Amino acid sequence: MAFPKKKLQGLVAATITPMTENGEINFSVIGQYVDYLVKEQGVKNIFVNGTTGEGLSLSVSERRQVAEEWVTKGKDKLDQVIIHVGALSLKESQELAQHAAEIGADGIAVIAPFFLKPWTKDILINFLKEVAAAAPALPFYYYHIPALTGVKIRAEELLDGILDKIPTFQGLKFSDTDLLDFGQCVDQNRQQQFAFLFGVDEQLLSALVMGATGAVGSFVSRDLSTLLSN
Ligand SMILES: CC(=O)N[C@@H]([C@@H](O)[C@H](O)[C@H](O)CO)[C@@H](O)CC(=O)C(=O)O
């Protein structure tokens with residue numbers, strides 16, 4: 001069991017998935033990418049196969065290979081590698097979660113299924129719970145991004161009692177502009193020590209004031225990492 005694990009906080013880089021001109025994944029540059037993030041940007045946590053990484057446009061096989069390459073190249077250089085394993089198919093999501101555990105990732109994140117959508121909190125939680133159970137030793141993060149999934153269940157509602165359903169739940173990647181919802185998530189879960197990772201770069205300062213413990217974003221810079229480490 002990996003718990004308790006070091007809390008995921010500060011700046012988390014949402015990595016792009018490098019491609020060749022032919023549309024194949026360019027694995028050969030991932031090692032350089034790790035060095036760039038660590039040495040040039042001062043960032044040691046990454047979020048792989050998310051929105052920026054276009055995980056949902058990759059095949060399951062590609063997602064597995066990309067995840068593995070980041071974990072391998074990040075070994076002894078990165079602090080935490082979080083793999084987004086959300087998918088429309090529960091089985092694919094579970095396969096990716098299990099794979100993330102096998103390769104030694106530090107956590108998994110999952111978005112809500114976005115075609116046949118969960119229409120209640122309980123339906124969504126049940127989906128997330130099944131995915132989390134496929135990797136019972138890995139910290140689990142819910143990736144709330146209603147503008148893209150169309151699943152508008154408020155994060156604050158989802159978090160209420162979540163540990164009873166998902167014991168590995170460690171935090172929230174909040175990619176929405178509803179700061180009232182975000183503030184209520186933070187306020188109502190202070191005792192739980194969850195990670196509250198904000199995902200809308202343009203509103204990060206406001207989110208920090210409201211209690212964000214970190215940020216997952218595509219715009220990373222040394223200035224931001226300094227800000228977040230203070
Ligand atoms: C929708 C989207 O791409 N959001 C970005 C932001 O960093 C975004 O690029 C930024 O706020 C500019 O709009 C990240 O939250 C994405 C992200 O963390 C991910 O790749 O999963």
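If you read the sequence from its start, that first residue is 1, and numbering goes on from there. Keep in mind the model is a prediction, meaning the values are calculated, not measured.
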Answer yes or no: is there a donor N or O on one side and an acceptor on the other, between the side chain of [X] and the main chain of [Y], under 3.5 Å?
{"X": "Thr168", "Y": "Pro139", "answer": "no"}
{"X": "Glu156", "Y": "Val186", "answer": "no"}
{"X": "Asp181", "Y": "Ala155", "answer": "yes"}
{"X": "Lys165", "Y": "Ile162", "answer": "no"}
{"X": "Glu62", "Y": "Ser59", "answer": "yes"}

Partners passing salt bridge (charged side-chain N to carboxylate O under 4.0 Å, His left out) against [X] (at least two apart in sequence or in another chain):
{"X": "Glu68", "result": "none"}
{"X": "Lys152", "result": "none"}
{"X": "Arg64", "result": "Glu95"}

Nearest 0.5 Å please: distance from the [atom1] atom of [X] over to the [atom2] atom of [Y].
{"X": "Tyr142", "Y": "Ile153", "atom1": "OH", "atom2": "CD1", "value": "6.5 Å"}
{"X": "Lys91", "Y": "Leu96", "atom1": "NZ", "atom2": "CG", "value": "14.5 Å"}
{"X": "Gln203", "Y": "Met210", "atom1": "CD", "atom2": "CE", "value": "9.5 Å"}
{"X": "Ile25", "Y": "Ile30", "atom1": "CD1", "atom2": "CD1", "value": "7.5 Å"}
{"X": "Leu78", "Y": "Asn45", "atom1": "CG", "atom2": "CG", "value": "8.0 Å"}
{"X": "Asn189", "Y": "Leu159", "atom1": "CG", "atom2": "CG", "value": "4.5 Å"}

Between side-chain atoms of residues 121-138 and protein atoms elsewhere (two or more places apart, or another chain), which donor-acceptor pairs fall under 3.5 Å?
{"residue": "Lys121", "atom": "NZ", "partner": "Glu157", "partner atom": "O", "Å": "3.2"}
{"residue": "Lys121", "atom": "NZ", "partner": "Asp160", "partner atom": "O", "Å": "3.0"}
{"residue": "Asn126", "atom": "ND2", "partner": "Asp122", "partner atom": "O", "Å": "3.3"}

Name each donor-acceptor pair under 3.5 Å that joins a side chain in residues 191-200 to protein atoms two or more places apart or in another chain, with its distance.
none

Indicate if [X] and [Y] have the same hydrophobic cluster label, given that clusters are the connected sets of ILVMFWY residues with side-chain heavy-atom separations under 4.5 angstrom.
{"X": "Phe114", "Y": "Trp119", "result": "no"}
{"X": "Leu116", "Y": "Leu148", "result": "yes"}
{"X": "Ile145", "Y": "Phe115", "result": "yes"}
{"X": "Ile16", "Y": "Val29", "result": "no"}

Will you find, in the side chains of Tyr143 and Thr149, an N or O donor that is under 3.5 Å from an N or O acceptor?
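Thr149 and Tyr143 do not have a side-chain donor-acceptor pair below 3.5 Å.
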Return yes if a side-chain donor-acceptor contact under 3.5 Å exists between Lys173 and Ser175, otherwise no.
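A pair is found: one side chain offers a donor N or O, the other an acceptor, under 3.5 Å apart.
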Summary of side chain to side chain donor-acceptor pair (under 3.5 Å) pairs that have at least one residue in residues 14-24, sequence neighbours excluded
none
Using the ring of Tyr33 (Phe, Tyr or Trp, six-membered ring only), decide whether Lys73 places NZ or CZ under 6.0 Å from its centre and within 45 degrees of its axis.
no
Nearest heavy-atom neighbours spanning [X] and [Y]:
{"X": "Ser218", "Y": "Asp201", "value": "N-OD2, 3.5 Å"}
{"X": "Gly55", "Y": "Arg63", "value": "O-CD, 3.2 Å"}
{"X": "Pro146", "Y": "Val151", "value": "CB-O, 3.4 Å"}
{"X": "Ala87", "Y": "Leu56", "value": "CA-CD2, 4.2 Å"}
{"X": "Gln9", "Y": "Thr213", "value": "CB-O, 3.3 Å"}
{"X": "Gly53", "Y": "Leu58", "value": "O-CD1, 4.1 Å"}

So, do [X] and [Y] sit near enough that their side-chain heavy atoms are less than 4.5 Å apart?
{"X": "Tyr36", "Y": "Gln41", "result": "yes"}
{"X": "Pro113", "Y": "Lys117", "result": "no"}
{"X": "Leu179", "Y": "Thr177", "result": "no"}
{"X": "Phe27", "Y": "Val66", "result": "yes"}

Checking Asp176 against Phe182 for the side chain to side chain contact (heavy atoms under 4.5 Å, CB included) test, could you report, in this order, the C-alpha distance in whole Å, the side-chain angles of both residues, the deciding distance, and whether it holds?
CA-CA 8 Å; Asp176 189 23; Phe182 183 70; over 6 Å; no
Going through the checks in order, is the side chain to side chain contact (heavy atoms under 4.5 Å, CB included) test met by Val34 and Lys77?
CA-CA 8 Å; Val34 168; Lys77 293 183 176 177; 3.9 Å; yes
Is there a side chain to side chain contact (heavy atoms under 4.5 Å, CB included) between Leu8 and Ile82? Walk through the geometry before answering.
CA-CA 9 Å; Leu8 179 61; Ile82 309 301; 3.7 Å; yes
Sole residue of Val60, Ile111, Val85 in side-chain contact (heavy atoms from CB on, under 4.5 Å) with Ser93:
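So, applying the side-chain contact (heavy atoms from CB on, under 4.5 Å) to Ser93 and each of Val60, Ile111, Val85, only Val85 qualifies.
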Side chain to side chain contact (heavy atoms under 4.5 Å, CB included) between His144 and Arg154, worked out
CA-CA 9 Å; His144 179 63; Arg154 298 182 82 242; over 6 Å; no
Using the six-membered ring wherever Trp is involved, compare the ring planes of Phe47 and His84 and label them parallel, tilted or perpendicular (cut-offs 30° and 60°).
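Judged by the thresholds at 30° and 60°, the geometry between Phe47 and His84 is parallel.
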